[in-house]
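Take a look at the structure set out below.
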Amino acid sequence: MRWIIFFIVLLVILQVGALVYLVVQKRKRVNQEEARLAWQRQFQDQLYDFATGEQTEMPRILPGNEDLVELELFALTNLTATLSHQERMSQYVEAKLLPYYQKQIQHRRIDRRLNAYEAIAQFRLRPVAQELHQKLNKKLAKEEKDVIVRTWQSKKPSKPMKSVFLVPSWQWDEARICRCG
């Protein structure tokens, strides 16, 4: 009889301990999310100030918040029609997020790669041209090849393209485009 009461008390203590652990973990996640949102609001202000030229120093990116930065950059560039603002945003992306996008185009998930291609096209990131050229030589899904070609085309939108022939030493600025047909 005594061991049954001991067993019940032990179970109650374990359940209370598990409940306390879950409450502490939940509170920790809530605090992390609040800190992340506070950082995002501060980053929005700094990014706008940088884009408008009020601030010359580029906003700092906290590790792990690259996804928030990407969302803010897309939102700001889609809302900003000023060419100088967009140019400053492209400089910022090239200076601060280039390693992130280089990593994303190597990601095993296709949605991450496609999002990176879209960002590369929108911000006209020239340093990844060679990596994209190498990716075209690999076996890729049709959608991915289409997005890569669109990314290249976005660099020089004034030149219509019916088919693209790439040479091994291909560079965006020196692309040889053949208009066939």
Side-chain angles (χ1 to χ4, degrees), residues 1-80 85-86 88-125 127-128 131-132 134-135 138-148 150-151 154:
M1 179 72 168
R2 190 171 202 160
W3 64 274
I4 294 175
I5 293 174
F6 175 75
F7 183 71
I8 292 173
V9 169
L10 182 64
L11 285 177
V12 169
I13 291 172
L14 287 175
Q15 286 180 342
V16 169
L19 181 63
V20 168
Y21 173 77
L22 291 174
V23 168
V24 168
Q25 290 299 317
K26 177 69 173 176
R27 190 78 196 115
K28 184 179 174 182
R29 280 193 301 270
V30 166
N31 288 341
Q32 287 173 343
E33 190 61 30
E34 286 174 357
R36 195 169 141 102
L37 289 174
W39 179 85
Q40 183 180 8
R41 283 188 216 106
Q42 178 186 3
F43 180 78
Q44 284 173 339
D45 294 338
Q46 291 175 350
L47 188 63
Y48 181 78
D49 290 344
F50 176 74
T52 58
E54 294 175 20
Q55 177 180 328
T56 57
E57 185 178 324
M58 293 184 177
R60 202 173 127 258
I61 300 173
L62 290 179
N65 288 341
E66 290 88 357
D67 57 337
L68 292 177
V69 171
E70 188 175 28
L71 290 173
E72 293 303 326
L73 286 167
F74 278 123
L76 186 61
T77 55
N78 288 336
L79 294 174
T80 304
H85 291 179
Q86 291 179 351
R88 288 183 62 86
M89 299 312 310
S90 293
Q91 291 171 354
Y92 178 76
V93 170
E94 191 168 328
K96 297 288 187 175
L97 287 174
L98 187 61
Y100 172 74
Y101 286 123
Q102 288 172 328
K103 185 178 174 184
Q104 291 298 308
I105 62 174
Q106 301 300 328
H107 203 280
R108 68 180 191 95
R109 286 180 41 195
I110 191 169
D111 62 319
R112 296 270 180 103
R113 292 192 309 267
L114 294 177
N115 288 341
Y117 299 144
E118 294 297 332
I120 289 166
Q122 182 162 356
F123 299 116
R124 292 183 163 78
L125 297 177
V128 295
E131 292 175 47
L132 292 178
Q134 291 172 352
K135 292 224 21 121
K138 296 179 181 177
K139 185 176 181 178
L140 300 172
K142 182 183 182 315
E143 297 84 15
E144 192 167 359
K145 280 188 180 186
D146 291 345
V147 172
I148 291 174
R150 269 200 332 263
T151 300
S154 72

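Considering CZ of Arg88 and OG1 of Thr56, their distance stands at 7.5 Å, rounded to 0.5 Å. Here Leu114 contributes atom CG and Arg109 contributes atom CZ; the two are 11.0 Å apart, rounded to the nearest 0.5 Å. Rounding to the nearest 0.5 Å gives a distance of 6.5 Å between CE of Met89 and CZ of Phe123. Atom CD of Glu118 is separated from atom CD of Gln122 by 8.5 Å, given to the nearest 0.5 angstrom. For the atom pair CG (Leu68) and CZ (Arg41), the distance works out to 11.5 Å, reported to the nearest 0.5 Å. If you take CD on Gln102 and CG on Leu125, they are separated by 9.0 Å, rounding to the nearest 0.5 Å.
What you find for Thr77 and Gln86 is that their closest heavy atoms are O-NE2, 3.4 Å. Closest of all the heavy-atom pairs between Lys96 and Met58 is CE-CB, 3.8 Å. The two residues Glu66 and Ile61 make their nearest non-hydrogen contact at CG-CG2, 4.4 Å.
If you check the side chains of Gln46 and Gln55, you find no donor sitting under 3.5 Å from an acceptor. Looking only at atom types and distance, the side chain of Glu70 has a donor-acceptor partner in the side chain of Tyr101 under 3.5 Å away.
Annotation: side chain of Asn115 is not in contact with side chain of Gln104 (no heavy-atom distance under 4.5 Å). Between Leu76 and Gln44 there is no side-chain heavy-atom pair separated by less than 4.5 Å. For the pair Val24 and Lys28, the minimum side-chain heavy-atom distance is 4.5 Å or more. Contact annotation: the side chain of Lys26 approaches that of Arg29 to within less than 4.5 Å [non-hydrogen atoms, C-beta and beyond].
Within a 6.0 Å sphere centred on CD of Gln25, heavy atoms belonging to other residues, nucleotides or ligands number more than 12.
Applying the ring pair (Phe, Tyr, Trp, His ring centres under 6.0 Å) rule to pairs touching residues 43-70 yields Trp39-Phe43, Phe50-Tyr92, sequence neighbours excluded.
Residues passing the ring pair (Phe, Tyr, Trp, His ring centres under 6.0 Å) test with Tyr100, sequence neighbours excluded: none.
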